Amino acid sequence: MSRTALRICPLCEATCGLTLTIDDGRVTGARGDRDDVFSKGFICPKGAAFGAVDADPDRLRTPLVRVDGELREATWEEAFDAVAAGIRPVVERHGPHAVGIVLGNPNVHTMAGALYPPLLIAGLGTRSLFTASTLDQMPKHVSSGLLFGDAGLIPVPDLDRTDHLLLIGANPLESNGSLCTAPDFPGRLKALKARGGTLTVVDPRRTRTARLADRHLAVRPGTDALLLAAMAHTLFDEDLVDLGTCAPHVDGLAELAAALRDFTPEAVSAACDVDAATVRALARELAAAPTAAVYGRIGSCTVPHGTLASWLVDILNVLTGNLDRPGGALFPQAATDRTPRPAGPGHGFALGRWHSRVSRHPEAKGELPMSALAEEIDTPTDEGEPVRALIAVAANPVLSAPDGDRLDKALGSLDFMVSVDPYLNETSRHADVVLPPPPPAQSPHHDFAFNTLAVRNQVRYTRPAVPLEPGRMAETEILARLVLAATGGHGADPAVVDALAVDRTLGRAVKDPHSPVRGRDPKELAAHLTGGTGPERRLDMMLRLGPYGDGFGAEPDGLTLERLLAHPHGIDLGPLRPRLPQPLKTRSGKVELLPDPIAADLPRLRAALDERPGGLVLVGRRHLRSNNSWMHNVPALTGGSNRCTLHLHPDDAARLGVRDGQPVRVKAAGGEVTAPAEVTDAVRPGVVSLPHGWGHDRPGTRMRHAAADPGVNVNQLLDGSLLDPLSGNAVLNGVPVELAPLGAPVTGTAGATT
Ligand SMILES: Nc1nc2c(c(=O)[nH]1)N[C@H]1C(S)=C(S)[C@@H](COP(=O)(O)OP(=O)(O)OC[C@H]3O[C@@H](n4cnc5c(=O)[nH]c(N)nc54)[C@H](O)[C@@H]3O)O[C@H]1N2
Ligand SMILES: Nc1nc2c(c(=O)[nH]1)N[C@H]1C(S)=C(S)[C@@H](COP(=O)(O)OP(=O)(O)OC[C@H]3O[C@@H](n4cnc5c(=O)[nH]c(N)nc54)[C@H](O)[C@@H]3O)O[C@H]1N2
Ligand code: SF4
Ligand SMILES: [Mo]
């Protein structure tokens, strides 16, 4: 029998509503849900392949436990027994920091990943926390923490109303957007142009997004912070600063102007390879637009000055009066945000409260750099314990993080490792226990993370589209049991984990003078919660305590889970609205324009004014039909232009004697890989590009389709030593490389002949 079911797509940050066709419990089709309040029917090729992603025959069906060196199918009970037996002795003998936690990207795409890892981290008390954030957006968290006092408070470009969008190092036509949740990002860009707005794209590659732009600037990789600093300089220099409604809420304007004095358009021009007149024009256009938004993504974060570039993105929004105004960059207000408190000074944001053991990297947001994971395992020091046991949830750092070969060896040396992962892949093959979550059609979905980054306030929830297959365990239950097994509660009812979370949250809420439930009895409140499962009751609690909530009766028309379930296509909560100063949590209660750690990092940027990299540099790229390291196993999404090739400019190809299709050796500090050349003028001269997430040729994995066309691991070129010092974010773009056609000597010096 055929039926349909709704499912929010978890495959990228756009969070489109899908209508799935289900035949005999299997997803046989997916189309965009035209009634979805946010995505209105949009779907991309990945969403359309939801059924194939869901039904991939290589997905693990049962837990695996290592016996006599080999991973064997096991029962859930055996698997959790093995987890408890593997982790507890390490904690007891070596302390909690000897247990590392690695959280990968898909955690922000599951309810389980939002609700349980915080309990795991707190329950274990480990400081050895590594996540995909330090391969991605940590610079943005740090700049938001410093500017606004809250690392989670990230302004989002008001795509649907802005008159001018300046995109830095982002390619939403392939990625569908990031730190800016917008179903049909491409359509929204076209609508911007159709209403007379302008789009400027800064990217060393002429991407599909760049081809839509009114102006495309092929900047030299890694130099955006200089470019943006010179734009800010120009705004001061030409008296174009107009803070607008932000004026009463900012602090440090004069100090900021002084700090940027050296960054003139002329001074940055050679390093950025952008002429001074263009820098000035960019600044003037931004100031002259009725409304404008500056937005930076991967290309602005995964570079040596990632935090400074991220900070400057918002500095430009502030200086042009565009922060917190419609058409500019605003702070979303999600339905599960905490009850807003009145404006006033907060605790501020601290960096470096502790340091990594080996290279003494400062923590940021409670995390250590993913680039340091291998050394934290394989390098003993006089002080502190190496990581001896690892809990990896939805993470594939062997392919995603620098120097996969070293990490591969390090993982193999651990006393114990558990992976929560649907696949036996480059990372999970090292685990002693693999706990496979069910395919996405069998999981409920709510976007805790992405609703705080969405271009429109809205709330949606979808229950599992098909029931759990026999033998499957919900990922929420897997993680609840993992929390128990790792923290000494092995064998207890996993429902106690949710009950504990509810007790804690309600216990705090009733003591909060600004909460709608202040003074009430937490037990009485808990008894009001609805929902069929622990995670649903937690969602109900968060909705009811949140900014649109019913406050457990205080606002009878407010949101509850029941009300949300009555709106299967979601509830629209309106366009983004100005919120300042309420969400600020800096010590001053203002937007602190020149925080000390930023000021202290500016000399490093000043030194970059004189850098003139002569050789080739590497940047990444994404493909619409791919997603990081785990979607190369779906035949419907592979092939065609979705290949692991080395893009290089015809001039560089000619100079190096490389022909299209020829294998090329690429060499850098961390190692060497060989990939076929794809000669294209879509990259600027001096820049080559390889996508990440490839290299599926390691033994002991079970991803048969991916292994047939494995590609190479670009991150093998990195040795993990290049970081943005403030955030600990890996430098993945603008990395110096040398290359040569196979069989020829390797060289990377521009202008050299071979
Ligand atoms: N050179 C280079 N490297 C990069 C990047 C780059 O641009 N260039 N990008 C970086 C970025 S932005 C990121 S976010 C990281 C991503 O890095 P990772 O998070 O390590 O990688 P992913 O491939 O997203 O997926 C991680 C794992 O999640 C598993 N998984 C998929 N779905 C689920 C699920 O529902 N539940 C569970 N438990 N597991 C699931 C997959 O099988 C996979 O093993 O890579 C980074 N690495
Ligand atoms: N199809 C698909 N969608 C995805 C993903 C995927 O793997 N595939 N991954 C998801 C994830 S985890 C994330 S974080 C997002 C990322 O979302 P985006 O940031 O939009 O994705 P990218 O395609 O990596 O775009 C980064 C761009 O920066 C450019 N760039 C590189 N170096 C520099 C530089 O120094 N300066 C400037 N100005 N530009 C530079 C690159 O050429 C590239 O075009 O995408 C998400 N969506
Ligand atoms: S754009 Fe993203 S969320 Fe929408 S269908 Fe495609 S993969 Fe799914
Ligand atoms: Mo990411």
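This structure is a prediction, so every number in the text was calculated from the model and none was measured. Counting starts at 1 for both ligands and their atoms, following the listed order.
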Subject >> No-hydrogen, no-angle side-chain donor-acceptor test under 3.5 Å, E13 and T181 >> reply: no
Which one holds for [X] and ligand 2: side chain close, backbone close, both close, or neither close, with close meaning a heavy atom under 4.0 Å?
| X | value |
| --- | --- |
| V219 | side chain |
| Q137 | neither |
| K46 | side chain |
| V303 | side chain |
| I298 | both |

Closer than 4.0 Å to some heavy atom of [X] - which atoms of ligand 2 meet that?
| X | answer |
| --- | --- |
| D224 | 34 (C), 35 (O), 36 (N), 37 (C), 38 (N) |
| T207 | 44 (O) |
| L624 | 1 (N) |
| G222 | 34 (C), 35 (O) |
| V202 | 37 (C), 38 (N), 39 (N) |
| S626 | 1 (N), 2 (C), 6 (C), 8 (N) |
| D203 | 27 (C), 28 (O), 29 (C), 39 (N), 41 (C), 42 (O), 43 (C), 44 (O) |
| P221 | 34 (C), 35 (O) |

Ligand 1 atoms in contact with [X] (distance to a heavy atom under 4.0 Å):
| X | value |
| --- | --- |
| P437 | 36 (N), 37 (C), 38 (N) |
| A395 | 20 (O), 26 (C), 27 (C), 28 (O) |
| V714 | 1 (N) |
| E475 | 34 (C), 35 (O), 36 (N), 37 (C), 38 (N) |
| Y423 | 42 (O) |
| N425 | 42 (O), 43 (C), 44 (O) |
| S629 | 21 (O), 22 (P), 23 (O) |

Original post:
Should H647 and V687 be marked as a side-chain contact (heavy atoms from CB on, under 4.5 Å) after you check the CA-CA gap, both sets of side-chain angles, and the distance that decides it?
Top reply: CA-CA 8 Å; H647 284 184; V687 174; over 6 Å; no
Original post:
G620: heavy atom below 4.0 Å from ligand 1, yes or no?
Top reply: no
Would you call [X] and [Y] a salt bridge, taking side-chain N to carboxylate O under 4.0 Å as the test?
| X | Y | answer |
| --- | --- | --- |
| K140 | D314 | yes |
| D58 | R702 | no |
| D56 | R704 | no |
| D405 | R698 | yes |
| R59 | D54 | no |
| R604 | D724 | yes |

Protein heavy-atom partner closest to [atom] - residue, atom, separation in Å:
| atom | value |
| --- | --- |
| atom 4 (C) of ligand 1 | H692 CD2, 3.4 Å |
| atom 9 (N) of ligand 1 | R622 NH2, 3.2 Å |
| atom 3 (N) of ligand 1 | N715 ND2, 3.1 Å |
| atom 19 (O) of ligand 1 | N105 N, 2.6 Å |
| atom 13 (C) of ligand 1 | N628 ND2, 4.1 Å |
| atom 29 (C) of ligand 1 | D421 OD2, 3.2 Å |
| atom 25 (O) of ligand 2 | N171 N, 3.5 Å |
| atom 40 (C) of ligand 1 | P422 CD, 3.3 Å |

Can you confirm, on distance only, whether ligand 1 has an N/O atom lying under 3.5 Å from any N/O atom belonging to [X]?
| X | value |
| --- | --- |
| V420 | yes |
| D136 | no |
| T110 | no |

Subject >> Derivation of the salt bridge (charged side-chain N to carboxylate O under 4.0 Å, His left out) call for D136 and R297 >> reply: CA-CA 9 Å; D136 184 347; R297 215 38 291 277; 2.8 Å; yes
Original post:
Can you find a non-hydrogen atom of H623 under 4.0 Å from ligand 2?
Top reply: yes
**OP:** Determine whether any heavy atom of G734 lies closer than 4.0 Å to an atom of ligand 2.
**Re:** no
Please state which option from [options] has its nearest heavy atom closest to [atom].
| atom | options | answer |
| --- | --- | --- |
| atom 31 (C) of ligand 2 | V735, L732, N733 | N733 |
| atom 26 (C) of ligand 1 | A132, P10, A394, G104 | A394 |
| atom 10 (C) of ligand 1 | V398, L135, V619 | L135 |
| atom 15 (C) of ligand 2 | S178, P172, S400 | S178 |

**OP:** Assess whether side-chain contact (heavy atoms from CB on, under 4.5 Å) is satisfied between L226 and H305, documenting all intermediate values.
**Re:** CA-CA 9 Å; L226 290 173; H305 304 283; over 6 Å; no
**OP:** Output yes when the distance from some N or O of ligand 2 to some N or O of R205 is under 3.5 Å, and no in every other case.
**Re:** yes
**OP:** Could you say whether the N/O atoms of S175 and ligand 2 ever approach to under 3.5 Å?
**Re:** yes
**OP:** Would you indicate whether R61, at its atom CZ, is surrounded by more than 12 heavy atoms from other residues, nucleotides or ligands within a distance under 6.0 Å?
**Re:** no
**OP:** Decide if atom CZ of R206 counts as having more than 12 heavy atoms of other residues, nucleotides or ligands within a radius under 6.0 Å.
**Re:** yes
Subject >> Derivation of the side-chain hydrogen bond (donor to acceptor under 3.5 Å, both in side chains) call for R7 and H445 >> reply: CA-CA 7 Å; R7 207 315 177 174; H445 197 84; 3.0 Å; yes
Subject >> H632 and H705 aromatic centres sub-6.0 Å >> reply: no
Original post:
Taking C-beta and beyond as the side chain, do V201 and L166 meet within less than 4.5 Å on heavy atoms?
Top reply: no
Subject >> Sub-4.5 Å side-chain heavy-atom contact between N425 and D421 >> reply: yes
